[in-house]
Structures are given as structure tokens and as C-alpha cells.
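Both counts, for ligands and for their atoms, begin at 1 and track the order of listing.
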Amino acid sequence: MISVIEPATEAVLEEVPRAGVQETDAAVAAARAAYPAWSALAPGDRAERLRALADAMAAEHEQLALTEARNAGKPINSARGEIGMATGTIRYYSGAPERLLGDTIPVAGGQAFTFREPIGVVGLITPWNFPLAIACWKLGPALAAGNTVVLKPAELTPLTAIRFGELAAEVLGEGIANVVVGPGRTCGQRLVEHPDVAKIAFTGSTEVGRSIAAGAAATIKRVTLELGGKSPNIIFADADLERAAESVPGSVFDNAGQDCCARSRIFVQDTALERFMALLETAVTKLRVGDPLDEQSEMGPLISAGQRETVASFVPDDAPVAFAGGTPDGPGYWFPPTVLCPVSPDDRAVREEIFGPVACVIPFRDEADAVAMANDTIYGLSGSIWTRDGGRALRVARSVQAGVLSINSNSSVRITTPFGGFKQSGYGRELGPHALDAYTEVKSVFFSTT
Ligand code: NAD
């Protein structure tokens, strides 16, 4: 059995059966058996079933949010937003089966067309930070395109995925969306190696992503990887500093910093540093850290004792802590929101993904300096640019090597727009119209008219 822990209390929330290779193989066999009928379903009927699935999720919205808040230790209001996004993503892609358009291409002697065909059985491997939301980023386009799937959620946070699997079996039919709860090294790896799995869509660490890409090479599986990040938040002296500082906690301490998009490198133009730090201290120290089920909480605990130990290793006793927020007493894997400054660009805290509520503030001189520092990383997922100079905003947005950027805002994840990384943050895009490319093969057909 797997003991699922509630991070805010350190108590066992639920015991769930631990799957292994045998259960993974059974799930792949079920997905394979369901594939011919699901992929051949008339587009309008597949769309209708996905809409019914979104309705079933919406009917359980509050219960799913409560489960996610308790299991992942996230504030209930964040959990509500994420379950809303999960449901909204399934609903958005319910529009896709009837819009999987192809091309007609002028050729000699006949007609050439393209079709977007499903790939087959797709393995979905997901992390613990946004459990059901990230799963649905994959489930929506995969199912809409006519694939069947096996979802392997993270062992730490399997509960909403288990409930999703039950709803999917009831609404879509058996075998179309299967859920296997077990360790990455057994169930996840089996999906990567399985000859009947045609593609792996993975979200998780860069280290595991690398091993998945290597493992998938043996069977030439298609792979998309959404990996780690170390995103920049670039604040020029001419920006609305109040708004920029006020929005920092949401951009780096949301989900207790366990967010691949966390803007954990805050670059501030040197002439504005002092003023910005004063504004930032106010914003950080008033952040409400506490019980995820309290409606007022803005930040919860970390996911596990191990994660807290990892995060703490980036803030040793002699770390340059400029200021930090508070944490509740008692049980729970709490870690205070912490800002480091001044911190050397070579410090581990600047170079490595911390995946906890620790941000580094680093001054820069000018635009070229800011872009060079922002790009001095193996990662390229997300980032923000704050300035009142429109030309500069666009120049910097084009120069920063990252897949998802925002200007005078830190909000860059939406159901309707593409999301994914440059460099070692991965490849492939999720969400928006582009995600369908990752779950279809292009087929070209020539029809002779002679
Ligand atoms: P992780 O890589 O440890 O695990 C992710 C998933 O992979 C889990 O389900 C795990 O069981 C499975 N897994 C582990 N080893 C495996 C193996 N050898 N073969 C197959 N599957 C295996 O990541 P995590 O700790 O759950 O999540 C944190 C990481 O995820 C961070 O690096 C974060 O940046 C990244 N992340 C990225 C995005 C994004 O969209 N780019 C989103 C969220 C999280």
C-alpha cells in the first residue's frame, strides 16, 4: 500500500494500493483494447463524451478541490482554481475532435491531403505540484485526438487522479483513460519501455526527463517533456515598482514555490534596487502562510519532509537572507517565504531549481546586462518583464530564451495559449491549439486523378 500523507498535518490521509509492473501492463492492455473504438468514434460523439466528462468533474468541483488542498498542502482557493482549470481544459479540448483540420496541397496529377491521426496508447507521467491540472493538460488533447491513455500520477498526490479515473470510466467508457498509482521507477519506467505505448508525455524534473528521453529511444516513442525552470523576473527602474513588488509573492511563493514557472531570479535595475527592496519586504512579510483549509491562507507547507530538507539546503546559516515571512507552529512541512540579497550569480540558489519559497534578488545595470543574466541558465521555461517602455518590453521578450513570458504581469499559464520550455526546460507544447500537435501524427495522402 501507499500511505498518502497530508503535508499540513504529517498524518496519513489515505492508504491506496501500490501498483507495479503487472498492473501497468494490464492498464496498457485495457487502453490498447479500447483504442480502435475510441479512435473511430465520430468526432461529434467524442466531443460530446468529453463535455460530459467535464460536467461530471464540475459536479464534484468542491470535493476535488478539498482533496487536492489536503493532499498537496495548497491553499483551498488555489486548489479551487486548479480544479477549475482541470475541468476547463477538458471542456476546451472537447471542441477539438471536430476541428482537427488538415491541409490540401497543390500537386501534379491529383490531390494531396493531410490528416491528423491519433498516435495510439499514450503514457502520461505527472508530478505532485499541480496534480489534476497538469494531468488534464495532457488528458484533454490526448483523448480529443482519439488516443487512449494510461496516467501515472506522482505517488505523493494520487487522490484526484484516482477519482478522475473513476469518472472517466463511467462517462467515457472502460479502458479509455486508465490510472495506475505506483512508483516512477517501476510503473513509470514500464510505460516508457512498453512496446504498446506509442508516446510518453512527461512533466517532472529535468533529471528524470533525461532518463525518459533515453529510455524512449529504444522503441522510438514520441516524447514531450515539461521539465524544470529557474525563471527570471526582470524589473526595470521605469516600471510600476509598486505593482511589480506587490505581485512578486504570487509569482514565486505560490504553491510554496513548488512551481516550475516560479520567477525565482528577480533581476532589478540597480538604480531602483533600494526602493524595490523596501516594497518587496512589505509584500513578503504580509503573505499569509497557514492551514491550507483556512480561506485566508495564501501559502501552505511544502509537500514532504524530504522537500523541506532540500529547500533548507539552499538557505544555510550564513545565507544572505534580506527578509523572510513567518510560518505556523506545530506539525506540517513549513518553510518561510525567503528573499536572498545580495547574492552572487554563481550561488547554487541562483543556478539551481529550488522548488521551494526562496527567491534571489540580483541587480543589473542596463537592458543588455539584464538579458545576458536572464539567459545565463540551462533552463528556459517562463519569465516576466516589467517596464513602461513598450519597445524595450518587446525587445527583451524576443531576446529572453524562454517559452512563456509575460509583460507587466506574472501570469503566463492559460488553457488557450501554448505552454512549454526552451533549452533544458523540455520540448513540445501543452495547452492552447498547439498541444494537439503533440498527440497526433500527420498523414499525407496522394489521390491520383489520372
Ligand atoms: P519527478 O521527476 O521526480 O517525478 C515526476 C513523475 O515522474 C512522477 O510521477 C514520478 O513517479 C515519475 N518518475 C520518477 N522516476 C521515473 C522514471 N525513472 N521513469 C518514469 N517515471 C518516473 O518530479 P517531481 O519531483 O514529481 O516534480 C517536480 C519537478 O517537476 C520539478 O523539477 C518541476 O520543475 C517539474 N515540473 C515541471 C513542469 C512544467 O510544466 N515544465 C510543471 C510542474 C513541475
Could you go through F130 and W137, starting from their C-alpha distance and side-chain angles, then the distance that decides it, and tell me whether this counts as ring-ring contact (aromatic ring centres under 6.0 Å, His included)?
CA-CA 11 Å; F130 299 108; W137 297 3; 7.6 Å; no
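- Using a 4.5 Å heavy-atom cutoff, the side chains of I354 and K230 are in contact.
- Atoms of ligand 1 found under 4.0 Å from any heavy atom of E226, numbered from 1 in the order shown, are 37 (C), 38 (C), 39 (C), 40 (O), 41 (N).
- Applying the 4.0 Å criterion to heavy atoms of I134 picks out, from ligand 1, the atoms 42 (C), 43 (C).
- Side-chain N or O atoms of S297 include none that pairs as donor or acceptor with a backbone N or O of L293 at under 3.5 Å.
- Legend: residues meeting side-chain hydrogen bond (donor to acceptor under 3.5 Å, both in side chains) with E15, ordered by chain and number and at least two apart, are S3.
- Regarding atom 44 (C) of ligand 1, its nearest protein heavy-atom neighbour is N129 ND2, 3.3 Å.
- Between atom CZ of residue R429 and atom CD of residue E226 there is a gap of 7.0 Å, rounded to the nearest 0.5 Å.
- With ring centers used as reference points, F236 lies 6.0 Å or more from F267.
- With ligand atoms numbered from 1 in the order given, ligand 1 contributes 40 (O) to contacts under 4.0 Å with heavy atoms of F419.
- Looking only at heavy atoms of the protein, atom 25 (O) of ligand 1 is closest to W128 NE1, 3.0 Å.
- At least one heavy atom of A154 sits under 4.0 Å from some atom of ligand 1.
- Ligand 1 has an N or O atom lying under 3.5 Å from an N or O atom of K152, backbone or side chain.
- Taking atom 35 (C) of ligand 1 as the reference point, the nearest protein heavy-atom neighbour is G204 O, 3.0 Å.
- In this structure, the protein non-hydrogen atom closest to atom 37 (C) of ligand 1 is L227 O, 2.9 Å.
- By the criterion of a heavy-atom distance under 4.0 Å, neither the backbone nor the side chain of E207 is placed next to ligand 1.
- Within ligand 1, counting atoms from 1 as listed, the ones closer than 4.0 Å to a heavy atom of Q189 are 18 (N), 19 (N), 20 (C).
- A donor-acceptor contact shorter than 3.5 Å links the side chain of K199 to the backbone of A438.
- Among protein heavy atoms, the minimum distance from atom 27 (O) of ligand 1 is reached at P127 CB, 3.4 Å.
- A donor-acceptor distance shorter than 3.5 angstrom exists from the side chain of R265 to the backbone of M373, with no hydrogens or angles considered.
- The residue from L225, T203, L381, T310 that puts a heavy atom closest to atom 5 (C) of ligand 1 is T203.
- Given atom 8 (C) of ligand 1, the protein heavy atom at minimum distance is T126 O, 3.3 Å.
- Put simply, no part of F130 is less than 4.0 Å from ligand 1, judged by heavy atoms.
- Under the 3.5 Å distance criterion, the side-chain polar atoms of S251 are left unmatched by any main-chain donor or acceptor of R263.
- There is a protein heavy atom less than 4.0 angstrom from atom 41 (N) of ligand 1.
- Between the side chain of E441 and the backbone N or O of I119, no donor-acceptor pair lies under 3.5 Å.
- Considering each of S205, G229, P131, G184, the one bringing a non-hydrogen atom nearest atom 23 (O) of ligand 1 is S205.
- Counting only heavy atoms of the protein, atom 34 (O) of ligand 1 lies nearest to E353 OE2, 2.5 Å.
- Within the 4.0 Å heavy-atom criterion, the part of F355 lying near ligand 1 is the side chain and not the backbone.
- When I125, L431, V208 are ranked by how near their heavy atoms come to atom 16 (C) of ligand 1, first place goes to V208.
- Judged by distance alone, the side chain of K152 and the main-chain N or O of G123 form no donor-acceptor pair under 3.5 Å.
- In this structure a side-chain-to-backbone donor-acceptor pair under 3.5 Å is missing from R414 to F419.
- Regarding atom 38 (C) of ligand 1, its nearest protein heavy-atom neighbour is C260 SG, 2.9 Å.
- The side chain to side chain donor-acceptor pair (under 3.5 Å) analysis of residues 157-176, with sequence neighbours excluded, yields the pairs E60-R163, E68-T160, R163-E166.
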